[in-house]
Student: 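Structure below; questions to follow.
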Amino acid sequence: METLRLTVEAGDPESEASRRAIAQAAEILRGGGTVAFPTETVYGLGANALDVAAVEKIFVAKERPSWDPLIVHIGEREMLGTVAAEVSQDANRLMEAFWPGPLTLLLVKHPRIPEIVTAGLERVGVRMPAHPVAQALLRAAEVPVAAPSANRFGRISPTCADHVAEDLEGRIDAILDGGETTHGVESTVVDVREDGCVIYRPGTITLEQLRPVCRGEVRFRTELGEGELAKAAPAPGMGVRHYAPRARLVLVEGAGLGGVELAMMEEVNRLEAAGEVVGAMAPGGFMAALMAMRKKPFDIRGFTMGHNTVHVYHWGSWGNPEELARKLYAGLRWLDAAGVTVIVCPLPAPVGIGLAVRDRLVRASDR
Ligand code: TXA
Ligand code: MG
């Protein structure tokens, strides 16, 4: 299968060429094909959610197990009626606050949504993305679009069109290239209940943002007691190793920036001495420390300094969790491509979007 590359002009989804690309992508979706497209979180691999044969193609292309449900994307609120059978007042309030945006709500599915989409579950994850290209595509497609992240199952989510091509070239009908995504980690998946909200997957919409909008408590699914857990909706896809680079991932923690720097250097030196090809996800502040503490040369993204054994990805500034989120997957992919056998990565503070970054790193690691 040849994968068509359709390009939306940077910064101008309204231009003539951009509109043509979006219209062509929408046509492919309506015709039962698969299209990868940008959202504000990561690239999704879309197919018409009402067409079983089209949705099957997603599972085949990704090599995704059939027990893992897909999120359905809509371009406007009017389309919600074809996807969800009922929407509570509380769910409505969250939509008012966060849609369009990176929030996925678990809602009782409409009978029209085929079982394959929800992996047989009673509820369907629904989201209305804010990205202008996703919005334009969904409106032009005029059907709800089922879309998981556009990577091979278990691998790192894509934040640009080249990442999608790495995993899915030749396996899908088209890639709609709209440049890099905005946030870099996936949407927050939330179940709105009468007694409060339950976060199934931490994501771009933060706990701090949800709290003032949710009536009642906001809890993580992992915090539910056994009795409650038995009654709650299942969370397939949450327990398995996921978001993972090919290299082994070693996570470090330390008190304050200094403590983290020290822990990182110790780990880098130990692994290197053990004969590993080491990669480091180094926040900006670490560069000076790494330089000062290492006697041997190493390479910084793209620059080679002597014979290297340590590859350093310039992650972003430690005090800026939004930047760390945005560059997380690109960094892991870059280090994989450099051929490292192990990646040393510090865990950001569990605040704001830092919580989602930690979640992905822990699930991608051996811990
Ligand atoms: O930001 C995002 O959410 C991206 C973009 C493309 O929208 N999509 C995405 O989809 O991350 P995916 O398939 O990679 O992750 C969806 C996860 C599932 O693995 C599952 O954990 C949860 O969301 N999920 C989806 N539908 C569910 C349902 N009906 N019940 C419980 N969990 C569900
Ligand atoms: Mg995924």
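Whatever order the structure lists them in is the order used to number ligands and atoms, beginning at 1. Numbers here simply count residues along the sequence, with the first being 1.
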Student: Please enumerate all residues that pass side chain to side chain donor-acceptor pair (under 3.5 Å) together with D195, with sequence neighbours excluded.
Tutor: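 Side chain to side chain donor-acceptor pair (under 3.5 Å) list for D195, sorted by chain: R193.
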Student: Is it true that a side-chain atom of E208 and a backbone atom of G352 form a donor plus acceptor pair closer than 3.5 Å?
Tutor: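 Yes, because the side chain of E208 sits within donor-acceptor range (under 3.5 Å) of the backbone of G352.
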Student: Between T206 and I353, which heavy-atom pair has the shortest distance, and what is it?
Tutor: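 Heavy atoms of T206 and I353 come nearest at CG2-N, 3.5 Å.
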Student: For Y243, does the six-membered ring have the charged nitrogen or CZ of R360 within the cation-pi criterion, i.e. under 6.0 angstrom from the centroid and within 45° of the normal?
Tutor: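 Verdict for Y243: a cation-pi partner in R360.
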Student: Need the ligand 1 atom indices (1-based, order shown) with element for anything under 4.0 Å from a heavy-atom of R123.
Tutor: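 Selected atoms, number and element: 29 (N).
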Student: Quick one: list whatever passes side chain to side chain donor-acceptor pair (under 3.5 Å) with D191, sequence neighbours left out.
Tutor: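 If we apply the side chain to side chain donor-acceptor pair (under 3.5 Å) test to D191, skipping adjacent residues, the hits are R123.
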Student: Taking the side chain from E267 and the backbone from M264, do they hold a donor-acceptor pair closer than 3.5 Å?
Tutor: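 Pair absent, no side-chain N/O of E267 close to backbone of M264.
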Student: For G44, take its heavy atoms, then give the atoms of ligand 1 lying under 4.0 Å from any of them.
Tutor: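 Close to G44: 6 (C).
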Student: Where do L94 and L105 come nearest, in terms of heavy atoms and distance?
Tutor: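 The pair with the smallest heavy-atom distance is CD2-CD2, 4.0 Å.
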Student: Hey, does H73 sit under 4.0 Å from ligand 1 if you only count heavy atoms?
Tutor: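 Contact check H73 vs ligand 1: positive.
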Student: Which is closest to atom 32 (N) of ligand 1 by heavy-atom distance: T41, V117, L106, I71?
Tutor: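 The residue whose heavy atom sits nearest atom 32 (N) of ligand 1 is L106.
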Student: Kindly identify the option in G125, P69, P158 whose heavy atom sits closest to atom 24 (N) of ligand 1.
Tutor: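 When every heavy atom of G125, P69, P158 is considered, P69 comes closest to atom 24 (N) of ligand 1.
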Student: Applying a 4.0 Å heavy-atom criterion (strictly less than), which segment of T204 is in contact with ligand 1: side chain, backbone, both, or neither?
Tutor: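 Neither part.
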Student: Are there any protein N/O/S atoms under 2.8 Å from the Mg ion (ligand 2), and if so, which?
Tutor: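 Within the sphere that stays under 2.8 Å of the Mg ion (ligand 2), the protein atoms of type N, O or S are S149 OG.
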Student: Test R221 against E228 for salt bridge (Lys or Arg N to Asp or Glu O under 4.0 Å), laying out the working first.
Tutor: CA-CA 10 Å; R221 193 174 187 280; E228 277 185 303; over 6 Å; no
Student: Using modelled atom types only, decide if a donor and an acceptor are shared between the side chain of T118 and the backbone of V124 within a distance under 3.5 Å.
Tutor: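 Such a contact is absent between T118 side chain and V124 backbone.
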Student: When the ring planes of Y313 and W334 are compared, do they come out parallel, tilted or perpendicular, using 30° and 60° as the limits?
Tutor: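 Tilted, since the angle between the ring planes falls between 30° and 60°.
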Student: Just to be sure I read this right, does ligand 1 sit under 4.0 Å from the backbone of E186, its side chain, both, or neither, counting only heavy atoms?
Tutor: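 Both the backbone and the side chain of E186 come within reach of ligand 1.
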Student: To which of R201, H183, K62, R221 does the heavy atom nearest atom 11 (O) of ligand 1 belong?
Tutor: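 Result: the heavy atom closest to atom 11 (O) of ligand 1 is in R201.
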Student: Check E166, E169, E63 against R152 for a salt bridge (charged side-chain N to carboxylate O under 4.0 Å, His left out) and give me the one that passes.
Tutor: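 So the option named by the test is E63.
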Student: So is T104 polar-close to ligand 1, meaning N/O to N/O under 3.5 Å?
Tutor: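 Between T104 and ligand 1, no N or O pair is found under 3.5 Å apart.
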Student: Using a 3.5 Å cut-off on N or O atoms only, is R127 in polar contact with ligand 1?
Tutor: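 Yes, since at least one N or O of R127 sits under 3.5 Å from an N or O of ligand 1.
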Student: Does the residue T118 have a heavy-atom contact with ligand 1, meaning some pair of atoms that are separated by less than 4.0 Å?
Tutor: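 Flag not set, T118 not near ligand 1.
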Student: Does the N or O separation between Y200 and ligand 1 drop below 3.5 Å for any pair?
Tutor: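 It does not: no N or O of Y200 is found under 3.5 Å from an N or O of ligand 1.
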Student: Side chain, backbone, both or neither: which part of R64 comes within less than 4.0 Å of ligand 1 when only heavy atoms are counted?
Tutor: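 It is the side chain that gets close, since no backbone atom is under 4.0 Å.
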Student: Please list all pairs passing the disulfide (SG to SG under 2.5 Å) test where one or both residues lie in residues 106-198, with sequence neighbours left out.
Tutor: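 Of all non-adjacent pairs touching residues 106-198, those that pass disulfide (SG to SG under 2.5 Å) are C197-C214.
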